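All chains are named by letter (A, B, ...) in the order of the sequence lines, taking the proteins before the strands, and each is independently numbered beginning at 1. Computed from a predicted model, the values in this text were never measured in an experiment.
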Amino acid sequence: MKYHFNDIEAKWQKFWKENQTFKAENQSDKEKYYVLDMFPYPSGAGLHVGHPLGYIASDIYARYKRHKGFNVLHPMGYDSFGLPAEQYAIQTGQHPAITTETNINRYREQLGRIGFSFDWSREVRTSNPDYYKWTQWIFIELFHSWYNKNTDKAESIDTLISIFTREGNELVNAVCDENVMLFTSEMWNSFDEEQQQKILLQYRLTYLAETEVNWCPALGTVLANDEIVNGVSERGGHPVIRKKMTQWSMRITAYAQRLLDGLQKIDWPQPLKDSQTNWIGKSVGAEVKFQIPNSKFQIPVFTTRPDTIFGVSFMTLAPEHDLVKKITTPEQKEAVEAYVEQTAKRSERERMADVKTISGVFTGAYAEHPFSKEPIPIWIGDYVLASYGTGAVMAVPCGDERDYAFAKHFNIPIPNIFDQDISENAFSEKEGFKIVNSDFLNGLSYKEATTKAIEALENIGQGTGKTNYRLRDAVFSRQRYWGEPFPVYYVNGLPKTIDPEHLPIRLPEVEKYLPTEDGQPPLGRAKKWHWDATNNEVVEVKEGEKPPSGVWGLELNTMPGWAGSSWYLFRYMDAQNENEFASKEALEYWQNVDLYIGGSEHATGHLLYSRFWTKFLHDRGFLHVDEPFKKLINQGMILGESAIINVIILKTLGRNSFGDEERVSPNTILINNELIKDLPTNGSINLLPEKLKHPIKAMLKNEEHTLKFIEITSFEYSIVPQRIDVSLVDLHNLVNLKEIHNRRMYTEIAKSSYYDGENLWIKGDFDVFKVSREVEKMSKSKYNVVSPDAICEQYGADTLRMYEMFLGPLEQAKPWNMAGITGVHSFLKKFWKLYHTSPSLLERGSGGEEFYVSNSPASIKSLKTLHKTIKKVEEDMGNFSFNTSVSTFMIAVNELTADQCTSREVLDPLLILISPYAPHIAEELWSKLGHTTSIATAPFPQFEEKYLVESTKAYPISFNGKMRFTLELPMDLSKQAIEREVMANEKTMHYLEGRIPKKVIVVPGKIVNIVG
RNA sequence: GCUCAAGUGGCGGAAUUGGUAGACGCGCUGGAUUCAAAAUCCAGUACUUUCGGGUGUGUGGGUUCGAUUCCCACCUUGAGUACCA
């Protein structure tokens, strides 16, 4: 009986679905285990072979945990709001919901074919109103919360209001906007509602504020910092500019320290933790206030080096700094204004790319040194960023490279306060020096001086110790259609949240998905988009009409992509709940994710925001846990192997009666990368290989042209690489020309000749040509996408699953190469054969391959193979080393086949071992063995040491550390006996060549090393 | 520039606490089967050699009886980050 994988896989996929084999229960005596894959966005392109890599690994682990007796939660769903569906809607007019639905169905079908053990009854979609109802609910909770630094957690805004009513805000220690006015309880109580609300907005964890945002004109929306890569948008690569807008923001900065601390207790890859640490960017130092004499102004600066305060020789402000206009002297006004204008014109990207150029202007103003009272010139320079610290620095050129370069460039003095040489470079180390020329700090080290300087600053009231974070509050508004609507309406310009019992606020219908003519977001086009605060419903207000009393306009922005994905892990715990985002019992039982697998690209986006929301929900008592993901593994990207062929384009340069002309030849030539490695991309054809040059010359000379040259000056070529769709390329990198003719996009290639390194084959005179391979990211635009569907069709899902694991370590990036898949596939065929008519029966001529497993006891050898395999597979699971387990299975099957093993005693447990990797074949053989229930929860076989105990050991005998031969000796031999046996051996004599050994190292059970 | 990770046959990779380097698979070579091919099976396959041996885990040093593994310096590649005061 042949291994009909297509039938078997379809059969068991249907069985699992019908029997709800993988449905997880929220109540169980078993210990829980939660395995989650990062939320996929259902793109129109479908899955390629890179996507399932992580899903396969997590599925193997989930299935293994079920065998180990755990109650496993392993869900899947879709992060289904997002830009691509909306861009598609703008182009085609099709509602994003329809596109999204189509894409999800395709994903579901593709995922289904790979045989994942997902509990589909818990599927969630962020664009589903049943889901985003709770995203809106969390937003409302954030709005009604503030961060109390005294208790170090978020609290209900009511506690803040009661403090205000009782004692004003003077003693409140909160994370809030800067420059909040101080007021007493009397003042608070006398404020009107509007004034009170305005103040509260400065404290809320989500707040409305005019912020400078990253505006992307091409996408028509703002972007968060982590959505910008190298100054352009992550999606689409469009330019981004700075713009001031009123936006919802999330006060994530309140959690900066806790987000940092939390990294200590989670098991995540170090690079990921590092990038979060850098993103949060904590620096400890001091804020120092510099007075400007004879004025009311002072300039606060942030510095990490208060110990260098006596090294200050100038100050630099960001060109955007508020004080620039106010302090510039009339003489310098013109120069300063010109500089400010010039920097404003430069895009953020230009400023970032151009780090080397030093520029700046003197304002003419001076500040006063807090201790020495010396005047300090104030400059402006674009190396100081308005968005970090206070937008101003105290420049210490002897201790900071940038200040040093600036001072050198503008001839500003560089006083040295270190006992170190600074004639060439600044001295920026924090160790190995003593401070000099610094009054009361003389002779101190970095640490001592820092403490003392802060103390002194505090005494004179001109500074204080301070910690700064690079992390900014997260902008939460998007001028987009396809996202969660805010549960917010505006009463006289002030935001009010809708009572949670009236949620969800559904996304309204619009005619077009573009901004309105007057620049409002797409929701501005919605007809029915006002809130009736009396009847609590969304109502329609006719265009141009004034809303009736009690009816107010709703928020026109939508939430960003990360809103829905910041809390989805908790929804899976109780996905159908209509009354809560998840029940208390479910949250208590499942806690958080034990194993999270996904790509590393979410390091500073999703993974930071979901930690933030988890901590917030924890503070407000909705969650027990304060970290979402206990262990995280980044799977390496699977790269594509693009197929590249070069087209040589030829042209003749010459002269006719009109002067110099060039004409492009209609003849083009295909050539492989290897043959043009050292050639420039264009030049004279004399550079081309001899074998190619002559026929080309002949060809060009014979070309008929209406335009005749009087004189030909030269023949030139240029090389244009072109990617070929990898589905057209076979295992030997050959492309059949017939296939090319069927595709319109390859017309240039179809009419070409081909040079193979030996001969030039004229157009129509060859059938195949060879392409070069180049490893690149798998993407539609590079024509190198391999879909899992075709592989499932040709080899089966079990082969795909095992092969993806067999490619190499999970965390490593690796190119997708089909060459090895036959090896894995034939392994499964061998495995199948092991359960069918044994070789010995075949010899007796019984003919056909029937299912056959005997009840007779297994050989010692076979049992040893089995237990060796159990041991290794369990160890590998612990290390998430799935590739080595596949090898182990191959070894086991090779050994058992050689041993002609047919015993149920071995073959029954072997199925459980392999079932996480190849579940379909395992289920099929399991049922053939007579089991009536699914293999999914069969207990994992117990490893027994006794089968691996050996009586002898093949000792490697080495001389000076080099292994020469092995010697079979009993295990229980003493050190001395081993040495005696080895020294008496004639091979030892041979290798010693008459020398007397100086020393013999014997490690019983391991090795013998003879020195000398 | 800084931070991190990784360099092992023709290729993907293995060697879990320092103890037989190259498991397993691909590819390649030879053979069996076949009219032939596919499929399957068997044998071989790091390099080199005067067939005794010699050399080999990016390079150079060190520790050790013994180093792919530990230490130092350097080279290369990849990823992240970038005027953060």
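With B:C83, B:C26, B:C84 as the candidates, the nucleotide lying closest to the side chain of A:Y383 is B:C83. Checking B:U40, B:G12, B:C84 against every side-chain atom of A:Y388, the shortest atom distance belongs to B:C84. Listed candidates were B:A85, B:C65, B:U20. Nearest to the side chain of A:T304 is B:A85. Residue A:S826 places its side chain closer to B:C26 than to any other of B:G19, B:C26, B:C83. Comparing B:G25, B:A85, B:A82 against the side chain of A:S283 picks out B:A85 as the nearest. Nearest to the side chain of A:K872, among B:U3, B:U16, B:A85, sits B:U16. The A:T884 side chain lies nearest to B:A14 when the options are B:C24, B:U20, B:A14.
On the C1' atoms, B:U77 is 15 Å away from B:U8, given to the nearest whole Å. Nucleotides B:G18 and B:G9 are separated by 24 Å at their C1' atoms, to the nearest Å. B:A73 and B:C4 are spaced 13 Å apart, taking the P atom of each and rounding to whole Å. Here, B:A43 and B:C24 have their P atoms 12 Å apart, quoted to the whole Å. The gap from the P atom of B:G27 to that of B:G19 amounts to 33 Å, rounded to the nearest Å.
By the side chain to side chain contact (heavy atoms under 4.5 Å, CB included) test, A:T988 is found to be paired with A:F959, A:F965, A:V982, A:M983, A:N985, A:L992, A:I1010, residues two or more places apart in sequence or in another chain being considered. Shown here are the side chain to side chain contact (heavy atoms under 4.5 Å, CB included) partners of A:S600, two or more places apart in sequence or in another chain: A:N634.
Residue contacts for A:P815: at a heavy-atom cut-off of 4.0 Å it reaches no nucleic acid atom on any strand shown. If you check every strand for non-hydrogen atoms under 4.0 Å, A:N883 touches sugar and phosphate atoms only. Residue contacts shown for A:E811 are absent, as no nucleic acid heavy atom lies under 4.0 Å away.
Across all strands shown, B:C2 is found opposite B:G80 as a Watson-Crick or G-U wobble partner, with both distances under 3.5 Å. Base pairing of B:C35: no nucleotide in any strand meets the Watson-Crick or G-U wobble criterion (both distances under 3.5 Å). Nucleotide B:U29 is matched to B:A43 when pairs are restricted to Watson-Crick or G-U wobble geometry with both distances under 3.5 angstrom. Across all strands shown, nothing is found opposite B:A85 as a Watson-Crick or G-U wobble partner with both distances under 3.5 Å. The pairing partner recorded for B:G56 is none, the criterion being a Watson-Crick or G-U wobble arrangement whose two distances lie under 3.5 angstrom. With both pairing distances under 3.5 Å, B:G7 is matched to B:C75 as a Watson-Crick or G-U wobble pair.
Close to B:G54, at under 4.0 Å from its OP1 or OP2, lies a side-chain N or O of A:R964. Put simply, A:R402 has a side-chain N or O that comes within less than 4.0 Å of OP1 or OP2 on B:C84. Between A:S958 and B:G19, a side-chain N or O to OP1/OP2 separation shorter than 4.0 Å is absent. OP1 or OP2 of B:G25 sits under 4.0 Å from a side-chain N or O of A:N894. Remark: A:K829 is in phosphate contact with B:U40, judged by side-chain N or O atoms under 4.0 Å from OP1 or OP2. Checking the phosphate oxygens (OP1, OP2) of B:C84, no side-chain nitrogen or oxygen of A:R472 falls inside 4.0 Å. For B:G19, neither phosphate oxygen OP1 nor OP2 lies less than 4.0 angstrom from any side-chain nitrogen or oxygen of A:N1009. Neither OP1 nor OP2 of B:G80 sits under 4.0 Å from any side-chain N or O of A:Q276.
A heavy atom lying under 4.0 Å from RNA chain B marks the following residues of residues 886-893 of chain A, by number: A:S887, A:M890, A:I891.
Computed from coordinates, the A:N817 CG to B:G27 P distance equals 11 Å when rounded to whole Å. Nucleotide B:U40 holds its C1' atom 19 Å from the CZ atom of A:F831, rounded to whole Å. Regarding A:K814, its NZ atom lies at a distance of 14 Å from the C1' atom of B:A6, rounded to whole Å. In this structure, A:F806 atom CZ and B:C11 atom C1' are separated by 12 Å, rounded to whole Å. Taking atom CD1 of A:I1001 as the reference point, atom P of B:G19 lies 15 Å away to the nearest angstrom. In this structure, A:Q812 places its CD atom 12 Å from C1' of B:A14, rounding to the nearest Å. Here the P atom of nucleotide B:G80 and the NE2 atom of A:H602 are 13 Å apart, to the nearest Å. Atom P of nucleotide B:C24 and atom OH of A:Y917 are separated by 18 Å, given to the nearest angstrom.
By the 30° and 60° cut-offs, the orientation of the rings of A:Y383 relative to A:F406 is tilted.
B:G66 has its base anti relative to the sugar, with a glycosidic angle deviating from 0 by more than 90°.
In the displayed structure, A:K864 atom NZ is contacted under 6.0 Å by at most 12 heavy atoms of other residues, nucleotides or ligands. Around atom CE of A:M637, no more than 12 heavy atoms belonging to other residues, nucleotides or ligands sit under 6.0 Å away.
Ranked by how close their nearest RNA chain B nucleotide is to the 5' end, A:G389 and A:P271 are led by A:P271. The residue among A:T303 and A:V1011 whose nearest nucleotide of RNA chain B is located toward the 5' end is A:V1011.
The ring pair (Phe, Tyr, Trp, His ring centres under 6.0 Å) with A:H825 is formed by just one residue from the set A:W832, A:F5, A:F831, A:F806; it is A:F5.
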